[in-house]
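Heavy-atom basis, side chains included; hydrogens, waters and symmetry copies ignored.
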Amino acid sequence: MRSPETDSEHSETDSVGSTTDSQSSGLGAVRHQRRSTQRPDVFSLKAMAPRPNAGPGGWLCLLLPLALTVRLLHHATPACKEQARMQWLLTVAAGGMALETLCFFIYAFVKTGILVKCLVSLLPGVATSLSFYLLVNTSLTFAIIVGFVMTSAYQQIYIYTLRGFQRSFTYGEASVFVQGLVLFALSAIHRLGGFFCGGSWPSEEFETLDMIMVNALFCLLVFCVALVLFPSLRKPYRFYLWTVMLLLAVTCMPVTRPLPLLALVQFLLRDQERLAILVFYMLLVVLTCLTVAWQIGSSAKANTRVRKIFHLLIVMVYIPGLIFECALLYLATGVALAAFVVLELLRLLKIPPFADRLAVAFSTFKDEKDAGELALTPFCLLIGCSMPIWMTPCPCSGDNTLALLSGILAVGVGDTAASVVGSKLGRNKWGRSSRSLEGTIAFVVSILMAAWLLEISGLVAMSQAKWFATIFAALNSALVEAFTDQVDNLVLPLIFYTIVGLA
């Protein structure tokens with residue numbers, strides 16, 4: 001897939017990367033690159049700087065469509081019948097964006113004639129429009145408009161992401177992030193648009209929480225887009241003013257009855273077990289902050305074993321939440337994602353008085369995959385563990401516990417065990433990889449042990465088919481973890497979720 005001249009283009013980009021980073025980074029760089037994209041060839045690789053010391057990772061663009069397609073194999077429960085059509089729409093949209101990414105690779109890396117390039121440029125829009133019309137049973141007008149607009153928007157956001165956040169993503173990692181962003185935007189517009197155009201008020205508890213979370217994250221997305229388009233909003237006093245307005249919109253916008261703030265208070269205080277888990281979550285947050293403060297105070301860069309503490313902490317968050325208070329965990333994932341985004345905005349935009357402290361924390365805990373300005377690793381840990389919950393329709397129905405645990409089993413259990421055992425006992429290295437055979441074995445064994453403990457404790461029902469899928473998923477995820485140079489916190493949960501979903 002990589003043409004001979006690509007490496008020289010990458011080296012040229014890397015050579016100017018340090019000066020570019022010192023002049024502009026993060027959201028500011030996105031704005032800077034918006035002006036620089038006015039050139040005949042918008043696919044020029046010279047302005048893009050993917051993460052160094054990693055392959056393109058083009059195969060990652062297929063992971064989300066495959067995971068969503070597998071979910072369609074399961075019959076929707078009566079409570080989820082209304083979401084079935086939306087699941088088809090999102091699956092087709094993900095497939096269209098994956099095709100757009102593959103066409104981008106052909107356009108950028110393969111020398112072709114102008115006719116082939118024109119056909120390649122039109123193919124994703126045409127294929128997505130036909131899929132909407134034939135598979136989702138939409139009107140032809142809707143299919144054509146949404147198909148071409150969505151694939152074109154995805155292409156532009158994808159290019160701007162690679163140019164604006166230089167050295168942060170590989171081509172495949174950027175594809176997964178942008179696909180998820182566009183799919184969320186489509187889902188939120190469908191949900192909020194339907195509500196404000198005469199839809200009914202959410203009646204069930206989970207529907208209410210989902211509406212609050214979708215509205216909050218969509219408002220945050222609009223805020224981030226405004227920061228890109230209007231640099232004046234990045235001044236500290238304006239940033240804080242708009243943040244307060246965003247908080248008021250999230251808590252007081254009439255999308256639920258009662259208002260979201262009151263609905264959240266009622267939800268949290270309604271059940272004593274829920275309050276106990278909430279207190280447990282707060283203690284874990286305090287423990288996390290103390291761990292970060294201790295590591296910063298030691299003036300030493302965190303090693304791999306220290307970073308794996310966060311994997312263990314996230315296991316302690318997700319397993320009790322999924323089993324005992326799924327709705328609370330679902331809400332907590334949205335709150336955590338919003339908090340991560342706001343903290344990253346404060347750091348990237350250098351907003352006082354928090355920016356310097358956040359910069360120190362980032363430099364202390366960054367690893368080799370955090371080569372750019374963006375704090376990629378913590379985002380991927382949260383997103384990777386939460387994605388099975390976000391992608392599953394009606395995740396709190398109790399029918400998909402094993403699939404919902406995909407991120408925790410793959411990253412929180414397997415990857416952590418592989419790292420600890422591999423660093424301590426690893427002697428036999430895989431060819432062309434720094435990972436050890438002992439670490440890979442620990443990856444598989446730890447996942448199977450965790451699944452067995454969950455079964456004998458009565459927390460997860462395991463059939464013969466689920467055991468076979470779990471073993472197969474553990475083996476495949478372990479091999480990917482051993483050989484991939486992509487961010488495994490993002491890749492492994494999607495692979496595990498897809499395979500387990502076949503059971």
Side-chain angles (χ1 to χ4, degrees), residues 1-10 12-13 30 32-50 55-66 68-69 89-136 138-166 169-183 185-186:
M1 182 169 62
R2 186 188 295 264
S3 61
E5 69 272 18
T6 302
D7 290 331
S8 62
E9 290 173 337
H10 282 185
E12 179 182 349
T13 305
V30 175
H32 172 76
Q33 295 298 341
R34 283 174 58 85
R35 293 192 294 271
S36 67
T37 55
Q38 302 302 320
R39 60 182 70 192
D41 186 5
V42 299
F43 294 97
S44 173
L45 298 178
K46 294 183 179 181
M48 300 181 189
W59 57 278
L60 268 65
C61 71
L62 302 174
L63 292 180
L64 265 178
L66 286 174
L68 291 171
T69 301
L89 190 146
L90 293 177
T91 303
V92 170
M97 289 185 284
L99 181 60
E100 179 69 57
T101 309
L102 295 176
C103 290
F104 166 81
F105 292 151
I106 295 174
Y107 196 108
F109 292 106
V110 180
K111 289 184 178 180
T112 58
I114 186 65
L115 179 60
V116 174
K117 288 190 174 183
C118 290
L119 293 176
V120 166
S121 300
L122 291 174
L123 178 61
V126 172
T128 306
S129 299
L130 286 175
S131 299
F132 278 139
Y133 181 67
L134 297 175
L135 299 178
V136 191
T138 65
S139 67
L140 184 60
T141 303
F142 174 91
I144 293 175
I145 293 175
V146 175
F148 278 93
V149 169
M150 186 208 66
T151 51
S152 299
Y154 167 79
Q155 178 196 95
Q156 294 302 314
I157 298 171
Y158 179 70
I159 293 172
Y160 290 159
T161 298
L162 287 169
R163 289 178 174 174
F165 297 102
Q166 295 188 359
F169 301 98
T170 65
Y171 293 106
E173 291 162 1
S175 175
V176 176
F177 269 90
V178 179
Q179 283 180 31
L181 191 66
V182 174
L183 290 177
L186 286 174

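- Atom CG of Leu135 sits about 11.0 Å away from atom OG1 of Thr128, to the nearest 0.5 Å.
- Between the side chain of Tyr171 and the backbone N or O of Leu60, no donor-acceptor pair lies under 3.5 Å.
- In this structure, Ala98 and Pro65 approach most closely via the heavy-atom pair CB-CG, 3.7 Å.
- Taking all atoms of both residues into account, the shortest heavy-atom contact from Tyr107 to Ser121 is CE1-OG, 3.6 Å.
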Using residues 138-153 as the side-chain source, report each donor-acceptor pair under 3.5 Å to any protein atom, sequence neighbours left out, with the distance given to one decimal.
residue	atom	partner	partner atom	Å
Thr138	OG1	Phe132	O	3.2
Ser139	OG	Phe142	N	3.2
Thr151	OG1	Gly147	O	2.8
Thr151	OG1	Phe148	O	3.2
Ser152	OG	Phe148	O	2.8

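- Leu64 has its side chain out of reach of Met97: every pair of non-hydrogen atoms, C-beta onward, lies at least 4.5 Å apart.
- Take Tyr154 and apply the side chain to side chain donor-acceptor pair (under 3.5 Å) test, not counting sequence neighbours, and it matches Thr101, Ser175.
- Evaluation of the side-chain contact (heavy atoms from CB on, under 4.5 Å) rule for Leu99 yields Cys103, Leu123, Pro124, Ala127 as partners, not counting sequence neighbours.
- Atoms OH and CE, from Tyr158 and Met48 in turn, are 7.5 Å apart once rounded to the nearest 0.5 Å.
- Closest non-hydrogen pair, Leu162 versus Ala174, comes out as CD2-CB, 3.7 Å.
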ask   = Does the side-chain contact (heavy atoms from CB on, under 4.5 Å) test come out yes or no for Leu62 and Leu102, once each step is laid out?
value = CA-CA 9 Å; Leu62 302 174; Leu102 295 176; 4.3 Å; yes
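- A heavy-atom distance below 4.5 Å is not found between the side chains of Val120 and Thr112.
- To the nearest 0.5 Å, atoms OH (Tyr160) and CZ (Phe165) are separated by 14.0 Å.
- Proximity of Cys61 to Gln179: side-chain heavy atoms (C-beta onward) are separated by under 4.5 Å at one or more points.
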